[in-house]
Structure formats: C-alpha cells, structure tokens
Number of protein chains: 2
Amino acid sequence: MSGQSAQLAKKPMSKSKGEILDAAAEVFMRLGADAASIDDVARHLGSTKGRIYHHFPSKGVLLAEVCLRASDFVHDVVGPAVDPATSPEINLRRMIALHIPEILRTLPYHKVIIQSYVGINQKSTTALERELFERIRVERRQYEDIFRGILSAGMKDGSFRQQNLSVTLQSLLLLINAPVFWYSPRADEPADFLTKLTEQLSDMAVAALR
Amino acid sequence: MSGQSAQLAKKPMSKSKGEILDAAAEVFMRLGADAASIDDVARHLGSTKGRIYHHFPSKGVLLAEVCLRASDFVHDVVGPAVDPATSPEINLRRMIALHIPEILRTLPYHKVIIQSYVGINQKSTTALERELFERIRVERRQYEDIFRGILSAGMKDGSFRQQNLSVTLQSLLLLINAPVFWYSPRADEPADFLTKLTEQLSDMAVAALR
DNA sequence: TTGACAGCATACTCGGTAGTATGTTTGCAT
DNA sequence: ATGCAAACATACTACCGAGTATGCTGTCAA
C-alpha cells in the first residue's frame, strides 16, 4: 500500500501511473532494480504485468521514470529557494534544510536512483531509454551546478576554505544524501529525530567547508 | 608444518582464485553484480565458465568473496594503525590517511561492495552464502566500531563536538569512502592528485566533527 | 444501442543465464 | 613412464523473466 503521491505541476500524471511508480520505487529499493522483476512490482500493486506494460513500454523506461521523479522531487523544492542576494552560507543552510526532509519524504525513489550511480546499468537499448537517462544526467548536472555556484561564491568571499571545487562538491552532496544509505523510518524513533538529524547534518556539512 | 595454524591465518589464496576475484570485481563494477553474468567474467579472463565454477560453487559465493576481500583490504591496513595511547584526532587522521589510498588502490572491489549496500540483494539461498554475508556484516561492524571508539573518545575529551554518535559515524564513513562513488583514474591527472585528495578529505572529515 | 477506446488481465513465446555433467589437459609424485 | 588429481574447457539442461498477443470489461459519446 502506498501513501499519497505528490502531484507535480510539470507532468500531469495519471493516478494509476503514479501508483505504479510508487510501487516500482518500493520494490526496486527492496530487491534492487536488476533483481526485481516486473511481476514483483505488479504483485506489490495487487495487479498483473498487463497494467504496467500498458503505461510503460519497457522495464528500463519504468526505472528511468522512477529516477527522473527522484531528481524532480529535490530539484523542485530546493531550486526555487536559492537567493543570489543572500550570503553563500545562509543559502547553503537553507538548501540543505529543504533537501534533507525532501529526500526522507520520498526515500524509496532516492534509494533507487543511487543504485544507478554505483552500478552503471546502461544496457539501455531503446532510444527512449537513452533519452530519459540523458535527461536525468542533465537534471543532476543542473542540481549540482546550483551547489557549485554557492560553493564557488563562498570560497571567493572567504566563507569557505579554498580547495578543489569538484571534490568539495561531491563530498558535500554525498554528506547531505547520507541518510539515503542508512535511514529507514522506525516506530520507536523520537518525534523530533528528523529535525535533529537535519540540524546535525547541516552543521557537519557547513563545518566541513571551513 | 604451518598448515595447522592456517585456520586462523588469513587465507593462502591460490593465484588463479585471486585472478578470478580481480576479474569479477572489475566486471561486477562495470555492469553491476546482478546484470553481469559468469560468462562475462570468464570472457574478461580469457577463459570459460568451467574455471570459475571449479573455484566457486555459485555466483553468490563469488560475489560474497569479492565483498569480503574488499572488507579485508581496508581492515588489514587501518586496523593495526590505531594506537590507544595517542589522541583521538591524531588517530583519526592516521586512519583516514591509510584508508583512502587503500580504497583507491583496490577500487573495483569497493565499488562492488557498495552495490550490496544500496540494493539488498538477499536472494542468498545457500547456507554458505548466508554465512559469508554474515561474516561481511560482522567485519564491517568491527571496522565501524574502531571509528566509533575514536569518535566516542574524541567527543568525551572535547576534541569533537558532542552529537548523535551513529549519525556522525555514518557520515564520516561515507565521507572517507566518497571517492568510490566518483573517482576513476585518469591519464592526465597530476602526479600528486591522490595525495592532495587524501589531504583534503582528511581535513574536511576532521573539520566536520568540530 | 452500439461501437470504440482506455484500462487492465490472461496466456503465451523466447532469449539469456545459472548451474551441471562430462570430456580433456597439465602438473607432479612415485 | 605412468597413474592420478587438480585445473580447466565443452556441451549441454532447466528455468526465469522480459516482452507480446490477445481477450475481457467498463465508460462514454453519438
């Protein structure tokens, strides 16, 4: 059973398609995108293959759309928050404070997209799949560039220590995505755990830059 | 006859088995452990399936032994370096300075073991596979505990900021493993790049703790 | 009422892969 | 030299899972 999915203004997505994406994210997360079969996803939906292949032409496209949605989630939340008029450190703290809760809210999607970073499953045969994965790459690049700009500005005005920009960027992104690797919601966790977690990671991330 | 004590000694591995593990790490890294077939590994070796199945009873065991070796590499190098008589910060810097070059030296192995962290491929049917994966879990736990002890001591004596220990630990480990996600050796990189990289990551890691 | 299409279910095909069974060579002790 | 494992190669089988072809059912417009 899947919770309510946030409707994105960008793509008017059918309700059924959204449910399939949620289920795919969940199943791909648990079994791994390669090991999981379309039948596994269908079973988790309480339906059959036919429904999935009615909305998605292939497993690769389904996987790609899960990853694309993961990318959109954070991008749409963090992107608008950046304010060129403010200081780099304030901007960065604000971005992180939005980024972390969002990836925790849409955790399965991000656990899936991370799989595509460690195992380069580019068996992408069809043209559509290649196009989608290219769009994912572009979107990630754009998202990185937002942080890159903040870091660059911060190194210039002395807020952050001057060092290799790419290494700094990758380390920062990994740090604020860290919960994706180890976090899974528990019943006995304190109510303010996520708040505390976000604060701590923000502090550590900013501290790592000085 | 030192044969008897070989039980506790690490593992006198045959040359051929080592070659197979190297090839498996390389191929699993490139294609993903699930997508890659045993024939792919054999082809990369210039041989056939028969050779692999002569040394390994199943693909799962092969994968497990790759992961186990990845774990051993860093454990054997970093483990002996810790000195209880020294300060937490000195210890931590020394450990990181050994950890990072070692994972870069044995990069394919670590790219593979990371896959098993994001995609929980527990199709482990056989008892042997379960035993091996359990040993991997235990070894990782032990390795984590080394850092946990240092962090705990550092928080107590004021070297490090006091905050959630588990979150700090996971973030630190992710930070010093960061190159596994994005680094691949290039011909045109400066000779001192790895040294600089190690220094920067050490600095960032320690800075993140204050 | 009908017919036409979206939204799925059912029942297949078919290629790829893990694993096996068995042959063949190489090293090596006696 | 000769026997005999170890260390492979070759040639299969069995099965799983992606993709397809087709059938079924509701909905809605004309």
Side-chain angles (χ1 to χ4, degrees), chain A residues 2 12-24 27-28 30-66 112 115-116 119 121-130 132-133, chain B residues 1 3 11-24 27-28 30-66 112 115-116 119 121-130 132-133:
Chain A
S2 48
M13 192 180 319
S14 77
K15 183 182 176 183
S16 182
K17 201 171 177 181
E19 287 177 4
I20 294 176
L21 284 176
D22 284 345
V27 173
F28 286 171
R30 295 228 277 254
L31 304 177
D34 296 293
S37 71
I38 297 292
D39 290 299
D40 289 331
V41 179
R43 200 173 306 121
H44 187 262
L45 278 168
S47 63
T48 69
K49 250 187 199 176
R51 180 177 172 188
I52 297 177
Y53 276 100
H54 177 74
H55 291 276
F56 300 91
S58 73
K59 182 184 178 181
V61 170
L62 175 60
L63 173 61
E65 291 212 23
V66 168
V112 171
Q115 293 176 15
S116 70
N121 12 357
Q122 299 315 31
K123 292 297 186 190
S124 308
T125 46
T126 80
L128 176 57
E129 288 175 11
R130 267 190 293 271
L132 285 175
F133 277 110
Chain B
M1 311 308 190
K11 29 180 175 180
M13 191 180 320
S14 76
K15 182 182 176 184
S16 181
K17 201 170 177 181
E19 288 177 3
I20 294 176
L21 285 177
D22 284 345
V27 173
F28 287 172
R30 294 228 277 255
L31 304 177
D34 297 292
S37 71
I38 297 292
D39 290 300
D40 289 331
V41 179
R43 199 172 307 122
H44 186 264
L45 278 169
S47 64
T48 69
K49 248 189 204 172
R51 179 177 173 189
I52 297 178
Y53 275 100
H54 177 73
H55 291 276
F56 301 90
S58 73
K59 181 184 177 181
V61 170
L62 176 59
L63 174 60
E65 291 213 23
V66 168
V112 171
Q115 293 177 14
S116 69
N121 10 359
Q122 300 311 34
K123 293 296 187 189
S124 308
T125 46
T126 80
L128 177 55
E129 291 176 9
R130 268 190 292 272
L132 285 175
F133 278 111

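Keep in mind the model is a prediction, meaning the values are calculated, not measured.
Here chain B contacts DNA chain D (any atom closer than 4.0 Å to a heavy atom, that is under 4.0 Å), and the contacts span D/dA7 to D/dT10 from 5' to 3'.
Residues passing the salt bridge (Lys or Arg N to Asp or Glu O under 4.0 Å) test with B/Lys49 are B/Asp39, sequence neighbours excluded. Taking B/Thr48 as the reference, nothing meets the side-chain hydrogen bond (donor to acceptor under 3.5 Å, both in side chains) condition, with sequence neighbours excluded. The side-chain hydrogen bond (donor to acceptor under 3.5 Å, both in side chains) search around B/Ser47 returns none, not counting sequence neighbours.
Put simply, CG on A/Asp40 and CG on A/Leu45 are 11.5 Å apart, with the number rounded to the nearest 0.5 Å.
The shortest heavy-atom contact between B/Leu132 and B/Ala64 is CB-CB, 3.8 Å.
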For nucleotides 3-5 of chain C, give me every protein contact, N/O to N/O, under 3.5 Å, one pair per line with atom names.
none

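Following rounding to the nearest Å, A/Lys17 (NZ) and C/dG7 (C1') show an atom-to-atom distance of 14 Å. Taking atom CG on B/Leu62 and atom C1' on C/dG19, their separation rounds to 14 Å, with Å as the unit. Rounded to whole Å, atom C1' of C/dA6 lies 17 Å from atom NZ of A/Lys15. With rounding to whole Å, B/Asp39 atom CG is found 9 Å from C/dA18 atom C1'.
Within a heavy-atom distance below 4.0 Å of DNA chain D, the residues of residues 46-59 of chain A found are A/Lys49, A/Tyr53, A/Ser58, A/Lys59.
Contact annotation: B/Ser37 side-chain N/O to C/dG16 OP1/OP2 distance is not under 4.0 Å.
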Distance-only donor-acceptor hits, side chain of residues 51-61 of chain A, under 3.5 Å, sequence neighbours excluded:
{"from": "A/Arg51", "atom 1": "NE", "to": "A/Ser16", "atom 2": "OG", "distance (Å)": "3.2"}
{"from": "A/Arg51", "atom 1": "NH2", "to": "A/Ser16", "atom 2": "OG", "distance (Å)": "3.0"}
{"from": "A/Arg51", "atom 1": "NH2", "to": "A/Glu19", "atom 2": "OE1", "distance (Å)": "2.9"}
{"from": "A/Ser58", "atom 1": "OG", "to": "A/Gly60", "atom 2": "N", "distance (Å)": "3.4"}
{"from": "A/Ser58", "atom 1": "OG", "to": "A/Val61", "atom 2": "N", "distance (Å)": "3.2"}
{"from": "A/Ser58", "atom 1": "OG", "to": "A/Glu129", "atom 2": "OE2", "distance (Å)": "2.6"}
{"from": "A/Lys59", "atom 1": "NZ", "to": "A/Ala33", "atom 2": "O", "distance (Å)": "3.0"}
{"from": "A/Lys59", "atom 1": "NZ", "to": "A/Asp34", "atom 2": "O", "distance (Å)": "3.2"}
{"from": "A/Lys59", "atom 1": "NZ", "to": "A/Ala36", "atom 2": "O", "distance (Å)": "2.6"}

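Nucleic acid contact class of A/Ala42 (heavy atoms, under 4.0 Å, all strands): none.
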If you apply the rule side-chain contact (heavy atoms from CB on, under 4.5 Å), what do you find for A/Met13 with A/Glu65, and how did you get there?
CA-CA 12 Å; A/Met13 192 180 319; A/Glu65 291 212 23; 5.6 Å; no
